[in-house]
Amino acid sequence: QKEVEQNSGPLSVPEGAIASLNCTYSDRVSQSFFWYRQYSGKSPELIMSIYSNGDKEDGRFTAQLNKASQYVSLLIRDSQPSDSATYLCAVPTYNQGGKLIFGQGTELSVKP
Amino acid sequence: GAVVSQHPSRVICKSGTSVKIECRSLDFQATTMFWYRQFPKQSLMLMATSNEGSKATYEQGVEKDKFLINHASLTLSTLTVTSAHPEDSSFYICSARDREIADEKLFFGSGTQLSVL
């Protein structure tokens with residue numbers, strides 16, 4: 001099992017819809033979870049972090065965490081074409097010195 | 001957020017030459033910096049962890065003699081790709097963690113696209 005796993009996509013949604021991105025992780029003791037957005041040819045940009053079970057909202061973005069299921073998701077409401085990018089889930093692995101391990105990323109395409 | 005500066009943004013070089021990439025934390029101190037490599041359509045792969053004042057820790061399969069890392073100060077880490085070959089062509093990205101923040105989030109440099117001819 002990969003340490004951090006995402007559906008690679010591509011995920012295509014119409015403009016204005018909700019985009020749902022999912023991520024599972026294997027290290028049960030992980031306490032911090034991050035979502036990065038990466039545009040083609042650019043480096044990742046942190047968009048959300050979540051540390052507690054439940055939902056965390058920031059503008060159009062909502063991160064959801066379920067530690068019992070080892071699952072973290074990102075919802076993007078009112079999706080815009082500018083949201084088209086690859087979204088990377090990242091989890092620190094405490095059994096490897098706290099290194100941040102990235103999932104393979106989910107490519108999101110928002111169609112006008 | 002914290003700013004990480006990475007230079008150069010793009011390098012084209014001949015096979016056999018060495019290329020140095022710099023990574024600076026501009027408004028914070030970073031005892032630890034991380035170097036990632038990303039091939040097209042793939043995720044970030046951690047190459048090594050750079051620790052200020054000590055030797056870097058390399059991931060399995062990464063040649064430490066080929067990818068030389070120096071972290072001489074709390075704001076600067078360098079990665080030198082020695083005797084680069086076409087298979088080293090990739091997008092190299094550095095990242096840093098603010099030592100004042102008890103958090104694992106990373107701030108990324110803008111990346112260096114290396115093309116070896």
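Letters A, B, ... mirror the listed sequences (proteins, then strands); counts begin at 1. As the structure is a computational prediction, the values presented were derived from the model and not from experiment.
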- Item | Full working for side-chain contact (heavy atoms from CB on, under 4.5 Å) between A/Val72 and A/Asn66 | CA-CA 6 Å; A/Val72 57; A/Asn66 184 327; over 6 Å; no
- Message: Please classify the contact between A/Phe102 and chain B as side chain, backbone, both or neither, with a heavy-atom cut-off of under 4.5 Å.
- Response: both
- Query: Between A/Phe34 and A/Pro92, is any pair of side-chain heavy atoms under 4.5 Å apart?
  - Reply: yes
- Message: Is it the case that the side chain of A/Ser43 and the backbone of B/Gly109 share a donor-acceptor pair, with hydrogens and angles ignored and the cut-off at 3.5 Å?
- Response: yes
- Under 4.5 Å from a heavy atom of chain B, the part of A/Gln6 involved: neither
- Task: Go through the atoms of B/Leu106 and report whether side chain, backbone, both or neither lie under 4.5 Å from a heavy atom of chain A.
- Result: both
- Query: What class does the angle between the rings of A/Phe33 and A/Tyr25 fall in, given that below 30° is parallel, 30 to 60° is tilted and above 60° is perpendicular?
  - Reply: tilted
- Item | Donor-acceptor contact below 3.5 Å, side chain B/Tyr58 vs main chain B/Phe67 | yes
- Item | Which of A/Glu45, A/Gln38, A/Glu107, A/Lys42 touches chain B most, by non-hydrogen pairs under 4.5 Å | A/Gln38
- Message: If I measure from the heavy atoms of chain A, does B/Gln6 come under 4.5 Å with its side chain, its backbone, both, or neither?
- Response: neither
